[in-house]
Amino acid sequence: MTGNAPYQCIQVCGRFLFAAQGANIHSFSLENGNYLSTWKHLVPGTTDDETPAVDALGDFEACAPPTKRRKIGESPDEQTENGESKNSKSKSKSKPQSTYMIPDQPLINLLVSTLDGKFLVAVTSHDKVIRVFEHDGEGAIEQISQRTMPKRPCSILITPDGKAIMSADKFGDVYSLPLIDATESTTPTAVQSRRTTTPTLAEAKIAAAPAKTDIQYKTAATPLTVHTARNRVALENQMMHQASPTQKISKDPSILSFAHTLLLGHVSLLTAISLARDSRGRAYILSADRDEHIRVSRGPPQSHVIDTFCLGHKDFVSRLCVPENKPELLVSGGGDEEIFLWDWLNGRILARENILRRAKEVIPNIGKVAVSGLVSAFQDRHNTTVLSVTCEKIPAIFIYEIKEPCHFEFKTTIQLAGNPLDVYFLPADPRRLVVSLDMMDCLDAAPDVLQVIGLTPESDHAYPSPKIQTNKAPDTQTLPKDDIRKLIYTNEHLRKYEGEVADQGA
Amino acid sequence: MAGPPHKKQRREDYRASQREKGGAEMPQKKFYRQRAHANPFSDHSLAYPSTPDNMDWSGYYPEFVVRPQEEEDESQDEPENESVPLDKTAQQDTEDAEVITKNEIAVNPPRMRKQVEVADIGCGFGGLLVALAPVMPDKLLLGLEIRTQVTEYVQDRIRALRAKDPKGNTYQNISCLRANTMKFLPNFFRKWQLSKIFICFPDPHFKARKHKARIVSMTLNSEYAYVLRPGGVVYTITDVEALHEWIVGHFDAHPSFVRVTEEEQEADECVKVMRNETEEGKKVERHRGNKYVALFQRLKDPEW
Ligand SMILES: C[S@@+](CC[C@H](N)C(=O)[O-])C[C@H]1O[C@@H](n2cnc3c(N)ncnc32)[C@H](O)[C@@H]1O
C-alpha cells in the first residue's frame, strides 16, 4: 500500500494524535498536523528490520506464518470440538457457521490512553498481547510492558485513576491488571477466608499459592465413578496426562505470570466494556456481548454481584458509550436497526433511535447496519451532550444530541470521503472530531486518511483545522487491500446466521 | 442431531401418532435419542425472549394463565408481571415514536397467575421434575435442556402425565423448554425470581481446556446468584468426585454463596428426590456408584 493505508484506531492525548496502522503507531501534532514519530512493532519478515522481535514474553505467535488464519465471530468453539461424537461432526460442518477467516497478521485492534495522556495501552490482536507505552509528552512513545492474555482482548479501558487496565476477551471474561506491571518475584500470599476479607471474584482462582479452591486434582473421577464409555476414555486419557501435574482449578489463568484478577465472565464473545458511576458515586462495570446482553455488575471488589441487565437488543451489541457528563445514561448499538438509550442502573430503556434509516440516506440499498463507533462529548458552552454514531462501511457520521428528559435528537449527517474507522472528539474543542478514514479506493496519491472536521460548516470556518500530514509518515502497511479490509471490518461478522427457529410451545 | 433419514422418518411417524392419541401415552425414549453433548458456546438456533417480560409462558403452564374475568378482578397492578415501560415522554418527544411502538416491548404475552420459581438446569429426561411436581404442588417448576430431542421427550412425557389425570390437576406445575442456560438464563428469569436451582449430574468435561464448558464456575455462579433470591438454594449432585470438589470449590469461593450444613441438607426432602429420581441418579445407583451432594444458599448482597 502506498500513501493511503488506513489507520484502524486512533487516540488523542492532549495536543497529540496517536494512530495505529497495522501493527505500528504513528503520532501527529494536532496543533499543526505535523508527523512526529512512529512506534514500530517488529516482526521478522514484515519490516525492514532484521532483528528478531521475539522476546521473553512470548511474541511467538507473531512469527507464525502469514498464511495462518484466525476465526472470528464464533465463540470458543475450538474448545469443544472434541465434545461431539464422530457421526455428528460431519453434519455440523455442513450447516452454515458464523465464522469468518481473517488474516493472522500483526494488528493493533485497540488503543486507549490514561486521562493525563502519560500512558497508552494497545492490544495487538493476533498475539493477544496488551502493551503499555510511556508517552514522553512530546508525541513519542516507548513500550514499557507487554502481557499475553489467555484469550484475545476485544475491548479494554483504563480506570479513571489510571491504575488498572480492564480487558474483556473473546471467551467472555473480564480481567483487571495493574497498568504498571510490577511483576517482581511475587511472594504468594495465601488467600484468606472469604468471610473475613472481601475478595474479588478471581482471587481464589488466581492466587499463586494453593488456596482452598486451587486444589490440584489428581484424577477427575474415582474408579467408582460411572459414566459413559466415552467418559471413561476421557478419564483414562487424563490419567495418562498426570505427568504434567499443573492441572488446577483454573485452566489458563494459572499460567499467567503477571498480576491479574478475573472480575466477571459471560459465556459469549465480549464486544465492549465501560465503567460508570451512579448518582451516589458507586462504580459499575457495563459489559456487552454478542448474545445481545448488556450486564451491569458492581465495580471491584464486588464485581461478582450482577445488579441488573439491560435487555432489549435483538442482535449483537458492539458498542457502549456512557456520556461523561451524564454517567447515569448509557448508549448502546450493534446489529440492530436501532441504537438504545438506557437508564442502565435500572435496566430501563429510555429511548431508541433508528440508525438504519439514517444509514439508508447515505447508502439507499442496505438492509442492515452494524454500529462500529459511539462516542460522546460534552459541549459545556451550550450545555449539550453530543453523540457521534458511525456504522461499518457507511461513509458518514451521524450526530445526535442527548436531550432531557431522555431522548436522541438528530442533528446532522456528516458525509465522508471514505468509511470511518475510528472517531474521536477533540477534548480541547468538542465541536470538532478527528476521524480516521478508509480511502484505499481513492485514486489520489495521498488522500487525507486522518481528518479533523467540524460538526457544522460554521465551526469548520471558525476554526480552520490542521491537515494531518499522513503523507509524511512512513508507509508501514504491506498487506494487500483485501486483507486489510478483513482486518478492519469485523463488526458485521458478529451477526448470527439465521437458522430455523425452534418452536416454543410445551 | 437427526439420524439417518429412515430413523428420522420413524421418529416423526411415532410422534405424529403420539399426538393423534391425544398424547396420553408415555413417550418411548428410543425415539428421542441424541448425542450426549451440545456445545454450549455455539449459536444453535435457539429461541429465547429478549427479556423475561416478553416470554410467553401460557403454552407451558396452560392451567396458570390468568383467565379474562380474573383479569378484570385484579386489573390494577400486579408487580410480578410488570413490564419495562418505555419512558412515555421520551416516546412522544422523539421524532421516531412510530418506530418505537412497533417494537416487541409492546407485545404483551398472556399474564400468568404464578411465575416459575424452581429451575432444573440440564434437566435431561425430566425424572426430577416429575418427582418434584407433587412435592411442590403450588410452585411452577421448569426444566431447561439444551438438546432438542431430549427437551421434546420431556414435553411429551409431561403432556402424557397431564392427560392421564382425569381431573387434569396434576403435573400442571412442571414444564420443560429448550435453552442454553449458560448464556440465556437472564432472558427467562428476572432478578431474584427463583427460590431453587437444581444442577443434577452435570456433564463432567474432564479435560482442563474444556473447563469453561462446565455449568458451574465462578463467573457463572454470579448469574445463578442473579436469578436466585437471597435465601434461595442451589442443589448439586454428581457421581464424579473431582467435579464435586470443583463445584464446592467454586461455590465456596463465590462470596454470594454459603454451603448448607449436612444436617440441613439431609433434612431437605428435595435432596432425597434428587438422589433417587433423576435418570442419571438411577443409573449411578445401578452401578453402585457414589453420589456427591452439595447445597449452597444464596446470601444477601453486601452494601454497595
Ligand atoms: C448428564 S445429563 C444429566 C441429566 C439430568 N439432570 C439427570 O440427572 O438425569 C446433563 C444434561 O445437561 C444438559 N446440558 C448441558 N449443557 C447445558 C446447557 N448449557 N444448557 C442446558 N442444558 C445443558 C445436557 O444436554 C444433558 O442432558
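Below, chains carry the letters A, B, ... as their sequence lines are ordered, and counting in each starts from 1. All of these numbers come straight from a predicted model, not from anything done at the bench.
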| query | Taking A:His266, A:His293, A:Lys403 one by one, which has the highest count of heavy-atom pairs under 4.5 Å against chain B? | reply |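 Of the candidates given, the most pairs with chain B belong to A:His293.
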| query | Quick one: of A:Asp289, A:Asp343, A:Val174, A:Thr308, who has the most non-hydrogen atom pairs under 4.5 Å with chain B? | reply | A:Thr308
Would the distance check show the side chain of [X] and the main-chain N or O of [Y] forming a donor-acceptor pair, the cut-off being under 3.5 Å?
X: A:Gln302; Y: B:Glu303; result: yes
X: B:Ser222; Y: A:His304; result: yes
X: A:Lys314; Y: B:Ser50; result: no
X: B:Trp304; Y: A:Ala283; result: yes
X: B:Lys191; Y: A:Asp307; result: yes

| Who are the side-chain hydrogen bond (donor to acceptor under 3.5 Å, both in side chains) partners of B:Lys282, not counting sequence neighbours? |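 By the side-chain hydrogen bond (donor to acceptor under 3.5 Å, both in side chains) rule, B:Lys282 matches no residue at all.
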| A:Gly265 versus B:Thr219, closest heavy-atom pair with distance | N-CG2, 3.3 Å
| request: Check each atom of A:Ser297 against the heavy atoms of chain B and say whether the ones under 4.5 Å are side chain, backbone, both or neither. | output: neither
| query | CZ of A:Phe309 to CG of B:Leu185: how many Å apart, nearest 0.5 Å? | reply |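 It comes to 8.5 Å.
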| said: Between B:Leu220, B:Ile158, B:Asn187, who has the most heavy-atom pairs with chain A when the cutoff is under 4.5 Å? | reply: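 Most pairs with chain A among the choices: B:Asn187.
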| task | In plain terms, say whether B:Lys212 and A:Asp173 are close enough for a salt bridge, that is, a side-chain N and a carboxylate O under 4.0 Å apart. | result | yes
